[in-house]
There are 2 protein chains.
Amino acid sequence: MDAIRTASGVPLKRLYQIFPSKNSLIEAYLRRRDARWLRNLAEYVDTYDAPEQRVLAVFDWLFLWFNEPDFRGCGFINAFGELGATSQEVADIAKAHKDAFRRCLADLVAAADAPAWLTDQLVLLAEGAMTTAAISGSPEPARHARDAARVLLPVAHAAASPLPEQAVALAHNPAPVSPGGTTTR
Amino acid sequence: MDAIRTASGVPLKRLYQIFPSKNSLIEAYLRRRDARWLRNLAEYVDTYDAPEQRVLAVFDWLFLWFNEPDFRGCGFINAFGELGATSQEVADIAKAHKDAFRRCLADLVAAADAPAWLTDQLVLLAEGAMTTAAISGSPEPARHARDAARVLLPVAHAAASPLPEQAVALAHNPAPVSPGGTTTR
DNA sequence: CATCTGAGAAAACGCCCGTTCTCCCACGGT
DNA sequence: ACCGTGGGAGAACGGGCGTTTTCTCAGATG
């Protein structure tokens with residue numbers, strides 16, 4: 001609080017007029033961050049035209065983000081880990097943010113004529129890249145996620161195309177895989 | 001502190017004899033958790049024999065973990081988000097834990113005759129599943145991660161096998177993908 | 001039996017920090 | 001010029017909590 005007062009120059013009195021409590025300030029901050037983050041991502045993706053490129057652009061953008069000097073991981077993941085157990089409001093905002101990100105990705109996946117289940121897989125790659133980049137302190141996870149997406153995208157696309165034999169062939173390709181578990185959801 | 005005292009029944013005095021400060025207690029807790037987590041994972045994986053199944057078993061185990069009633073996400077990710085910026089010690093423990101997990105996965109990948117770079121991709125799927133499961137409150141991300149791994153594993157295996165044409169065929173399968181960026185790192 | 005040691009229980013301290021209160025000045029109306 | 005209002009700056013309050021201290025007593029020792 002005092003640090004914010006000092007940094008912003010806004011007197012404490014006014015601060016409490018605008019935000020009745022510290023929590024409400026945090027929530028407002030997270031909401032603002034949510035909007036800006038999604039907007040920046042969308043703007044970057046929009047510099048590409050080809051649907052497949054637009055999907056992969058998400059991971060290129062992550063790489064740029066991870067390279068920012070003050071990158072400290074996804075603020076929503078951090079906030080959820082710290083406050084999610086005590087503040088339902090913060091938990092909800094984090095959940096809403098991740099849902100919005102998922103919808104964004106789902107749109108890109110749909111535009112690339114890939115099946116919807118690819119979305120969930122790409123979300124995991126992106127989220128995993130965020131936490132791994134934060135903890136390891138390296139931007140490389142974005143590249144690894146992109147590499148994985150480059151594999152998953154065509155496979156998913158083939159699975160959705162009118163030639164299902166391709167998907168089947170890919171599914172149990174050379175190496176036989178565990179019997180349990182369904183492939184789509 | 002007081003809650004720990006109450007819950008454990010250990011008097012505060014003795015607590016401070018064993019752990020000079022709250023931080024040292026937290027660090028000890030994280031170290032113990034680190035060992036237990038990796039041991040549980042290894043024990044579960046060891047119930048399988050086939051190398052490919054052992055890789056996928058990691059995600060089955062994640063599913064079991066996510067279904068535990070008090071699952072609140074990966075404690076190391078949470079601790080890093082909350083304390084990583086202020087406590088170098090906590091940051092190091094989190095990093096060490098994730099490194100150990102990565103090594104565990106790398107061994108499984110090597111045993112399945114898959115190239116090393118698959119490890120990084122599986123790590124991202126697992127980490128992403130942890131955070132997504134925590135925030136969404138659902139265990140399903142484990143299944144999605146497993147589905148993705150089921151696709152990546154045979155492709156990677158094929159890429160490492162002495163028939164590189166398969167990998168190339170898979171790489172630019174039906175849908176051409178973004179020109180920029182290298183495939184392996 | 002007297003005494004000393006060490007552990008247990010809980011009160012007390014001190015600090016941090018979110019929140020509120022007080023003081024003071026500048027400005028606008030009459 | 002006088003006075004009331006509103007906003008700025010910082011001190012002050014209060015609770016929470018990590019840490020320390022005090023008090024007491026059980027058991028061992030000479």
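No experiment lies behind these values; they were computed from the predicted model shown. Letters A, B, ... are given to chains in the order of the sequence lines, protein chains preceding strands, and every chain is numbered from 1.
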### Message
Can you measure B:I18 atom CD1 to C:dA7 atom C1' for me and round it to whole angstrom units?
### Response
12 Å
### Task
Test the B:R143-B:F63 pair against the cation-pi criterion, namely NZ or CZ under 6.0 angstrom from the six-membered ring centroid and within 45° of the ring axis.
yes
### Task
Consider the side chain of A:M1, meaning its heavy atoms from C-beta on, and name the nucleotide among C:dA10, C:dG18, C:dA7 that approaches it most closely.
C:dG18
### Query
Do side-chain atoms of B:S87 reach the backbone of B:L83 as a donor and acceptor pair under 3.5 angstrom?
no
### Query
Between B:Y16 (OH) and D:dC17 (P), how many Å, whole number?
13 Å
### Query
Does the A:T132 side chain pair with the main chain of A:A129, one donor and one acceptor, at a distance under 3.5 Å?
no
### Task
Using a cut-off of strictly less than 4.0 Å between a heavy atom of the residue and any atom of DNA chain D, enumerate the qualifying residues of residues 21-31 of chain A by number.
none
#### Entry: Residue pair A:E52 / A:P154, side-chain heavy-atom distance below 4.5 Å
no
### Task
Specify the residue among A:R5 and A:Q17 whose closest nucleotide of DNA chain D lies further upstream toward the 5′ end.
A:Q17
### Task
Please state how far atom CG in B:L15 lies from atom C1' in C:dA9, giving the value in whole angstrom units.
14 Å
### Task
Classify the angle between the aromatic ring planes of A:W37 and A:F101 as parallel (below 30°), tilted (30 to 60°) or perpendicular (above 60°).
perpendicular
### Query
Hey, is the main chain of B:Y48 close enough, under 3.5 Å, to the side chain of B:R54 for a donor-acceptor pair?
yes
Look for any protein N or O under 3.5 Å of an N or O in nucleotides 12-14 of chain D and output each such pair with its distance, or none.
none

### Query
For B:L122 and B:L118, what are the C-alpha separation, side-chain angles and deciding distance, and is it a side-chain contact (heavy atoms from CB on, under 4.5 Å)?
CA-CA 6 Å; B:L122 298 183; B:L118 176 64; 3.9 Å; yes
### CA sep, side-chain torsions, deciding dist, call: B:Q88, B:D92, side chain to side chain donor-acceptor pair (under 3.5 Å)
CA-CA 6 Å; B:Q88 187 59 43; B:D92 289 343; 2.9 Å; yes
### Query
Rounded to the Å, how far apart are B:D2 CG and D:dG18 P?
9 Å
### Summary
Separation of D:dG6 atom C1' from A:K13 atom NZ, nearest Å, is 7 Å
